[in-house]
Protein chains: 2
Amino acid sequence: MARPRKFDETHALTAAMETFWRRGYEATSTRNLSDSTGLGQSSLYNTFGDKRELYLRALRHYYETHTAEQTALLDRPGPVKERLRDLMVHAVDTDLADPEASGCFTINASVEKADSDDEVREEVRRHFTTVERALTETIARGQRSGEISPERSAGTLARQILSTYYGLRVLARIQKDRDALLGIVESTVSAL
Amino acid sequence: MARPRKFDETHALTAAMETFWRRGYEATSTRNLSDSTGLGQSSLYNTFGDKRELYLRALRHYYETHTAEQTALLDRPGPVKERLRDLMVHAVDTDLADPEASGCFTINASVEKADSDDEVREEVRRHFTTVERALTETIARGQRSGEISPERSAGTLARQILSTYYGLRVLARIQKDRDALLGIVESTVSAL
DNA sequence: CGTATTTTGGAGCGAGCGCACGGAAACTCG
DNA sequence: CGAGTTTCCGTGCGCTCGCTCCAAAATACG
C-alpha cells in the first residue's frame, strides 16, 4: 500500500537505547540518535515521536531485555543463595567487562531524569519494583526450604539485597577492583 | 587597588553547587548559574573559569561540606553500630525531608559525568574512598571493642556498608516510604 | 584629584540544539 | 501502468547554548 521501511524498528530502538544509556538524556542529541540508529531525522520523528518519547521507549525496552534478564537469573532453579550471588556477580562482570559500559540504565535514568519527569519516575519505579518482587519471592523460597533464616521478613531482606545490588552498580563505575566488589557480594550473601 | 567584588565567592559557589546538584551538569545552563548565583556571566567566567571548571569546584565544595559531614558522623564517640545507623538514617531523612532534594551529588556526578571526564572520575573516587576509609576505621574500632565480630575483615564490611548506603540513596529517589528504607538500615546494622 | 586596576552588566558571537517541512523515492493495488 | 500512500533525505527554522568582549563603574594609591 505504500513505501516499506528499510529498517527494523527493534534494531533502531536498541541502538537508541544504547546511546541514551551511555551518554544520558541531555548529552544525547537528535543527531547522535540519527547516527547510531542509521535513521534520518524525519524517520526518527515519524516512528518514535520526539526525543523524550524515544527515551521512554528506550527505557521500556531496557526493562524488557535487561531487567527481565535480571529477574530471570533469580527464577532459575537451584540453591537460592547461588541465585542471589549470580545476580550480583553477573552485574559486576558485565560492568567490568566493557570499558564503555555505563552501569545500569535504570539507575542512570533515576539519577538524571526521574526528578523532572513523572513518566520516567513511574517507569523507573516499575523496574525497581519488579526486581524487588523477584528478590522477595526468591528469598521467601529460600526461607521455606530452610536455606535462609525466617527471622527477618522476606520483604526486608529483599530490599536490603536490592540496596546492596544498586550500590554495587554505582561503585563499579569507579571502583574497577573485581575482588573488592566480589567481596561485597560474598559478604552480603553469607550474612543471610 | 581596583574595584572590589560585591559578592562572596563561597556563597556563589554554594549556589552553583546546589544548581548542579539538582539539575545535573548538562541540564544546567550558564544562564541558570548566573541566575542562581546572582553573578553576571562575565563575573562567573572571571572567577571560576568555564562551566566545567565550576562544576569541578562545586563537586569539591560538596566534598568539603557534605562528604565531610558524613564522615564526621562516623567519627563521633559512642557505640559503633549507632554511628553506622546514624549515617544511613541521616541520609534517608535528608533525602525525604526536601521534595526538591536530589540525592547525593557524588552519586549524581558518578552517573552523569565520571565516565566522560577523568577529573570528575578522580574527584568522585576521592569521595568514595574517603567514606570507605572512615567506615573501615569505624568498623575496626567496633571489632576492637567487641561490638562487631572480627570474622570478616573491616575492609570488606566497610565496602558492604558503603554499597548498601549508596544503594539506599538511589532507592530513596523513587521509594519515599521511610519505614521501608529504615528497615533496610536496621537489617543491615543488625547483620554485623 | 587623576590614574591604574579590577569588576560589572549587557550585548552578541558562532555553533549546535530539537524539530518541521517538502519533494523525491519506493512500494501496493486497481 | 497510473494513482495513492508512506517513507526517506536534505534543508533550514527559531532558539538556546557556552562563551567573549567592551565600555561603564568602583575602588586604591600617588
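The figures here come from the full heavy-atom set of this structure, side chains too, leaving out hydrogens, waters and symmetry mates. As the structure is a prediction and not an experimental result, all values here were calculated from the model. A, B, ... follow the sequence lines: proteins, then strands. Residue 1 opens every chain.
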Undergrad: Does the base of C:dG18 carry an N or O that pairs as donor and acceptor with the side chain of A:Arg31 under 3.5 Å?
TA: yes
Undergrad: Indicate, with a heavy-atom threshold strictly under 4.0 Å, whether B:Ser42 touches base, sugar-phosphate, or nothing.
TA: base
Undergrad: Under 3.5 Å, is there a donor-acceptor pair linking the side chains of B:Thr130 and B:Tyr63?
TA: yes
Undergrad: Would you please classify the geometry between the B:Phe20 ring and the B:Tyr25 ring as parallel, tilted or perpendicular, with 30° and 60° separating the classes?
TA: parallel
Undergrad: Expressed in angstrom and rounded to an integer, what is the separation of A:Tyr55 atom OH from C:dG18 atom P?
TA: 14 Å
Undergrad: What integer distance in Å separates B:Leu33:CG from D:dG18:P?
TA: 8 Å
Undergrad: Taking any heavy-atom pair under 4.0 Å as a contact, classify A:Ser34: base, sugar-phosphate, or nothing.
TA: nothing
Undergrad: Going by distance alone, is a donor N or O of one side chain under 3.5 Å from an acceptor N or O of the other, for A:Asn32 and A:Ser29?
TA: yes
Undergrad: Between A:Leu39 and B:Pro4, just flag the one whose closest nucleotide in DNA chain D comes earlier from the 5' side.
TA: A:Leu39
Undergrad: Give a yes-or-no answer on whether the side chains of B:Glu123 and B:His127 include a donor-acceptor pair shorter than 3.5 Å.
TA: yes
Undergrad: Let me know the distance between CD of B:Glu26 and P of C:dG16, rounded to the nearest Å.
TA: 14 Å
Undergrad: Separation of A:Glu53 atom CD from C:dG18 atom P, in whole Å?
TA: 15 Å
Undergrad: Which part of the nucleic acid, if any, lies within reach of B:Asn46 when heavy atoms closer than 4.0 Å are counted: base, sugar-phosphate only, or nothing?
TA: base
Undergrad: Quick one: is B:Lys6 getting a side-chain N or O under 4.0 Å of the C:dG9 phosphate, OP1 or OP2?
TA: yes
Undergrad: What nucleotide, of D:dA26, C:dG18, D:dG18, holds the atom closest to the side chain of A:Ser29?
TA: C:dG18
Undergrad: Starting from C1' on C:dG16, measure out to NZ on B:Lys51 and report it in whole angstrom.
TA: 13 Å
Undergrad: Should the side chain of B:Arg3 and the base of C:dT6 be counted as holding a donor-acceptor pair, with the cut-off at 3.5 Å?
TA: no
Undergrad: Mind calculating the distance between CG (A:Asp35) and P (D:dG10) to the nearest angstrom?
TA: 12 Å
Undergrad: Does a side-chain N-to-carboxylate-O contact under 4.0 Å join B:Arg23 and A:Asp115?
TA: no
Undergrad: To the nearest Å, give me how far apart CG (A:Leu44) and P (D:dC8) are.
TA: 10 Å
Undergrad: Tell me whether the OP1 or OP2 atom of D:dT7 has a side-chain N or O from A:Ser43 closer than 4.0 Å.
TA: no
Undergrad: Whole angstrom is fine here: how far is it from CZ in B:Arg5 over to P in C:dT8?
TA: 7 Å
Undergrad: Let's see if you can work this out: which of D:dC17, C:dG12, C:dA20 has an atom nearest to the side-chain heavy atoms of B:Gln41?
TA: C:dG12
